[in-house]
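Contents: one structure, followed by commentary.
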Amino acid sequence: MCSLISIILFQFPFLNPLPLCLSQIRFILLQNRQGKTRLAKYYVPLEDSEKHKVEYEVHRLVVNRDPKYTNFVEFRTHKIIYRRYAGLFFSLCVDITDNELAYLECIHLFVEILDHFFSNVCELDLVFNFHKVYLILDEFILAGELQETSKKAIIERMGELEKLE
């Protein structure tokens with residue numbers, strides 16, 4: 001969908017000079033306050049050593065940040081958008097020009113879906129049911145791009161997949 005729109009806008013730039021699609025998410029991290037990574041999904045190739053370095057740097061960046069500041073912070077040549085829910089930090093790395101509020105809403109929608117699916121989600125749900133969390137994430141975000149924004153559609157799809165098990 002995004003590529004078709006890009007082709008149309010390339011041929012007819014006067015239609016809309018602003019991009020209609022969000023750019024690619026580079027990675028998603030769910031970390032607790034102690035720095036333990038509970039979920040990591042990378043949409044760009046990185047070496048394992050680089051992944052551990054990134055996780056450490058992102059954790060230091062978001063945990064030590066004063067809550068009165070915004071939930072957006074520059075990270076290398078990108079931007080980290082994060083949100084804290086109880087003892088977990090949900091962090092996304094996106095391009096520097098991307099819309100921060102759209103990604104904050106994505107984080108909130110992901111948490112709402114987790115909360116509905118696990119009936120009041122907690123950190124232990126993520127640890128012991130990590131395969132289901134990754135499944136939910138894959139229904140929501142695919143290849144670093146937002147695929148579905150309807151909470152109802154994602155929950156219905158997860159219900160269908162649960163019936164198959």
Next item on the list: Verify salt bridge (Lys or Arg N to Asp or Glu O under 4.0 Å) between E57 and R76, making sure each step is shown before the conclusion.
Entry: CA-CA 10 Å; E57 289 177 16; R76 298 180 181 173; 3.1 Å; yes
Next item on the list: Using a 4.5 Å cut-off on heavy atoms from C-beta on, say whether the side chain of V73 contacts that of K79.
Entry: no
Margin query: Working to the nearest 0.5 angstrom, can you tell me the gap between E55 CD and S91 OG?
Written below: 10.5 Å
Notebook entry, point to check: So, do E145 and Q147 sit near enough that their side-chain heavy atoms are less than 4.5 Å apart?
Noted result: yes
Next item on the list: Spell out, yes or no, whether L46 and F75 are grouped together once hydrophobic residues are joined by side-chain heavy atoms under 4.5 Å, including indirect joins.
Entry: yes
Notebook entry, point to check: Do NZ/NE/NH1/NH2 and the carboxylate oxygens of R157 and E160 come within less than 4.0 Å?
Noted result: yes
Item checked: Audit row: Y103, I25, side chain to side chain contact (heavy atoms under 4.5 Å, CB included) steps and yes/no -> CA-CA 9 Å; Y103 285 113; I25 298 170; 3.6 Å; yes
Note to self: Can you confirm whether N32 sits close enough to R38 that some side-chain heavy atom of one is under 4.5 Å from a side-chain heavy atom of the other?
What the structure shows: yes
Checklist line | Residue from N120, L126, L124 passing side chain to side chain contact (heavy atoms under 4.5 Å, CB included) with C122 | finding: L124
Checklist line | Expected output: side-chain R60 to main-chain V62 donor-acceptor under 3.5 Å | finding: no
Notebook entry, point to check: Same hydrophobic cluster for L135 and Y42, using side-chain heavy-atom links shorter than 4.5 Å among ILVMFWY?
Noted result: no
Next item on the list: Decide whether L88 and F117 are clustered together by the hydrophobic rule: side chain heavy atoms of Ile, Leu, Val, Met, Phe, Trp, Tyr closer than 4.5 Å, transitively.
Entry: yes
Check: Once you round to the nearest 0.5 Å, how far does CG of L137 lie from CG of L39?
Finding: 6.0 Å
Note to self: Between Y85 and I107, is the side chain to side chain contact (heavy atoms under 4.5 Å, CB included) condition met? List the steps.
What the structure shows: CA-CA 10 Å; Y85 289 93; I107 292 171; 4.0 Å; yes
Note to self: Between K41 and Y134, is there a side-chain heavy-atom distance shorter than 4.5 Å?
What the structure shows: yes
Notebook entry, point to check: How long is the gap from CG on D138 to CD1 on I154, to the nearest 0.5 Å?
Noted result: 11.5 Å
Next item on the list: State whether the side chain of E148 and the backbone N or O of S150 hold a donor-acceptor pair below 3.5 Å, judged by distance alone.
Entry: yes
Checklist line | Donor-acceptor contact below 3.5 Å, side chain N71 vs main chain Y82 | finding: yes
Notebook entry, point to check: Can you tell me how far the CG atom of L29 sits from the NZ atom of K51, to the nearest 0.5 Å?
Noted result: 10.5 Å
Item checked: Under 3.5 Å donor-acceptor, R65 side chain and F72 backbone -> yes
Next item on the list: Tell me whether F89 is reachable from L92 by hopping between hydrophobic residues (I, L, V, M, F, W, Y) whose side-chain heavy atoms are closer than 4.5 Å.
Entry: no
Item checked: Atom pair CG/CZ of D98 and R26 - distance to nearest 0.5 Å -> 11.0 Å
Notebook entry, point to check: Do H59 and R33 come within less than 4.5 Å of each other through their side chains, counting heavy atoms only?
Noted result: no
Next item on the list: Would you mind reporting whether F27 and V58 have side-chain heavy atoms less than 4.5 Å apart?
Entry: yes
Checklist line | H116 and E112: CA distance, side-chain angles, deciding distance, side chain to side chain donor-acceptor pair (under 3.5 Å) verdict | finding: CA-CA 6 Å; H116 184 274; E112 282 183 341; over 6 Å; no
Next item on the list: Show your reasoning for whether side chain to side chain contact (heavy atoms under 4.5 Å, CB included) applies to K132 and F118.
Entry: CA-CA 10 Å; K132 291 181 182 178; F118 290 111; 4.2 Å; yes
Notebook entry, point to check: What distance do C106 atom SG and N99 atom CG have between them, rounded to the nearest 0.5 Å?
Noted result: 9.5 Å
Checklist line | Same apolar cluster (I L V M F W Y, side chains within < 4.5 Å links), L142/M158 | finding: no
Check: Is the side chain of D115 donor-acceptor paired with the backbone N or O of V121 at a distance under 3.5 Å, no angle test?
Finding: yes
Check: Are I81 and L104 side-chain neighbours, meaning at least one heavy-atom pair lies under 4.5 Å?
Finding: yes
Next item on the list: Check the pair Q31, F90 against side chain to side chain contact (heavy atoms under 4.5 Å, CB included), reporting the backbone distance first and the verdict last.
Entry: CA-CA 7 Å; Q31 298 173 309; F90 291 73; over 6 Å; no
Item checked: side chain to side chain donor-acceptor pair (under 3.5 Å) between D95 and Q24, worked out -> CA-CA 7 Å; D95 292 332; Q24 181 180 9; over 6 Å; no
